[in-house]
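Beneath this line is the structure, given in structure tokens, with notes to follow.
Letters A, B, ... mirror the listed sequences (proteins, then strands); counts begin at 1.
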Amino acid sequence: MEQLTNEQALEVIKDMIEKTKERQCYTGFYHLLWGILISLAIVAMYVFIKTQLYHLIGYSWAFFSIVGVIASIIYSKKIYEKQGNIQYPDLGINAMWAGLMIALLLAAFIFPILKAYEWNIVFVMVSLLMGAANFSTGIFLKQKMPIMNAILWWIGCIILLILKNYFAIMGVFVILLIVNNIIPGIYLYNLARKNNGK
Amino acid sequence: MESKFAALDSVIHSRVRLAIIILLLQSETANFTFLKKEIGVSDGNLSTHLRKLEEAKYIKVQKHFEHRKPKTTISLTEKGREALNEYTKNLEEYLRLASECKKS
């Protein structure tokens with residue numbers, strides 16, 4: 001029978017904690033996914049405004065939100081299969097982004113259909129939600145960059161509230177999306193690859 | 001005279017079983033392959049240790065099929081979490097005593 005001294009037991013505890021601590025599970029996937037999906041939703045919105053098919057705007061937001069939900073479910077299943085475990089910070093990040101998807105569907109599809117606000121306010125609401133998602137991700141990962149992005153999203157939502165022209169609103173929103181989602185997504189992806197030794 | 005210290009839980013006080021519990025403590029669930037890779041043990045060895053922990057109700061083992069392949073999912077139970085808390089508390093006491101003895 002194997003003999004384990006108390007000091008060796010302490011070493012085992014330290015080793016196992018270090019092993020999982022070193023691994024960064026979040027690869028910036030949700031940043032990139034939502035960055036790309038919302039960009040597509042804006043392109044669709046632009047086309048619908050130009051072609052005066054205003055009634056389809058809400059459906060494009062709903063469509064891309066549902067695509068995001070499906071892609072996220074497939075992604076989390078694949079990650080679990082690859083890694084073999086679900087760590088608590090990962091679970092927290094997944095739950096937070098899942099909550100964002102539901103909130104996004106309400107803010108960008110249901111509320112405008114119920115005439116709770118005009119379409120320009122959709123961008124303000126999405127910016128607020130993206131800010132919250134970035135902020136929580138930054139806290140979970142102990143990374144300053146997503147926290148800075150959250151602040152930029154929140155500053156951006158005030159600017160979006162002031163702007164009146166639809167195309168100016170879209171332009172500012174696209175800039176916010178690139179700076180606060182696409183770039184951090186690529187940064188977090190590279191960081192995860194470096195931390196995980198790939 | 002009654003000992004000041006409680007004995008270390010023999011179910012946990014083994015390199016492999018302690019490693020399993022610590023890994024599970026940080027995860028909601030883990031599969032068999034993950035534990036095998038992280039701890040560096042054979043299938044048979046890991047199965048034996050998992051069975052001991054399961055018998056003590058420290059872990060919950062769920063077996064299912066995915067794409068016709070058998071999968072084993074393991075998670076820590078509340079009883080296992082409490083046992084680990086007790087174990088680390090006792091271990092800390094033993095180590096503190098050993099350090100005091102060395103000093104004197």
Side-chain angles (χ1 to χ4, degrees), chain A residues 1-27 29-30 70 72-99 136-137 139-142 192-193 195-198, chain B residues 5 7-41 45-46 48-49 52 59 64 66-67 69 71-76 81 84-85 87-99 101-102:
Chain A
M1 204 184 119
E2 65 175 321
Q3 291 295 316
L4 185 71
T5 66
N6 296 340
E7 285 75 13
Q8 283 169 333
L10 190 68
E11 276 307 306
V12 171
I13 295 171
K14 276 186 191 165
D15 279 357
M16 292 301 132
I17 289 174
E18 282 305 314
K19 266 190 180 180
T20 42
K21 219 167 91 181
E22 280 164 11
R23 190 184 300 124
Q24 183 198 321
C25 298
Y26 182 59
T27 56
F29 171 80
Y30 293 112
I70 296 165
S72 302
I73 294 167
I74 295 169
Y75 169 78
S76 36
K77 279 191 94 174
K78 288 258 174 215
I79 281 289
Y80 177 64
E81 272 170 30
K82 196 178 158 195
Q83 280 176 190
N85 79 326
I86 305 170
Q87 279 178 242
Y88 284 112
D90 241 8
L91 194 69
I93 290 176
N94 285 347
M96 189 265 307
W97 283 92
S136 312
T137 305
I139 299 290
F140 269 121
L141 297 178
K142 293 182 185 136
R193 277 175 72 94
N195 287 349
N196 299 342
K198 283 173 194 167
Chain B
F5 301 104
L8 290 173
D9 188 336
S10 62
V11 178
I12 301 179
H13 198 58
S14 129
R15 193 189 76 83
V16 179
R17 292 195 292 275
L18 181 59
I20 293 170
I21 288 202
I22 295 295
L23 286 172
L24 291 176
L25 182 73
Q26 300 168 85
S27 312
E28 197 211 11
T29 54
N31 67 24
F32 190 89
T33 319
F34 168 80
L35 292 176
K36 194 180 115 178
K37 199 179 93 192
E38 292 297 315
I39 304 167
V41 283
N45 198 353
L46 182 60
T48 311
H49 288 287
K52 278 195 181 171
I59 59 164
H64 62 280
E66 216 173 85
H67 308 296
K69 281 181 189 168
K71 298 265 176 188
T72 308
T73 308
I74 306 120
S75 56
L76 194 63
R81 207 174 283 269
L84 181 69
N85 276 343
Y87 175 85
T88 48
K89 212 168 76 186
N90 291 333
L91 183 67
E92 210 182 312
E93 275 298 301
Y94 277 112
L95 292 168
R96 192 183 57 79
L97 185 74
S99 152
C101 285
K102 264 186 204 168

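- Leu91(A) touches chain B through its side chain: at least one heavy atom from C-beta onward sits under 4.5 Å away, while N, CA, C and O do not.
- Heavy atoms closer than 4.5 Å to chain A are found in the side chain of Leu8(B), but not in its backbone.
- Side chains of Trp97(A) and Thr137(A): a donor-acceptor N/O pair is present below 3.5 angstrom, by distance only.
- For chain A, no part of Phe32(B) is nearby; none of its heavy atoms comes within less than 4.5 Å.
- Under the 4.5 Å side-chain criterion, counting only non-hydrogen atoms from C-beta, Asn31(B) is not in contact with Thr72(B).
- With 3.5 Å as the limit, one finds no donor-acceptor pair spanning the side chains of Asp9(B) and His13(B).
- With a 4.5 Å cut-off on non-hydrogen atoms, Thr33(B) does not touch chain A at all.
- Using a 3.5 Å distance cut-off with no hydrogens or angles, the side chains of Tyr30(A) and Asn94(A) do pair a donor with an acceptor.
- Neither the backbone nor the side chain of Ser75(B) comes within less than 4.5 Å of any heavy atom of chain A.
- If you measure heavy-atom distances from Glu7(A) to chain B, the contacts under 4.5 Å come from both the backbone and the side chain.
- Salt-bridge formation is not detected for the pair Lys78(A)/Glu81(A): no Lys NZ or Arg NE/NH1/NH2 atom is positioned less than 4.0 Å from an Asp or Glu carboxylate oxygen.
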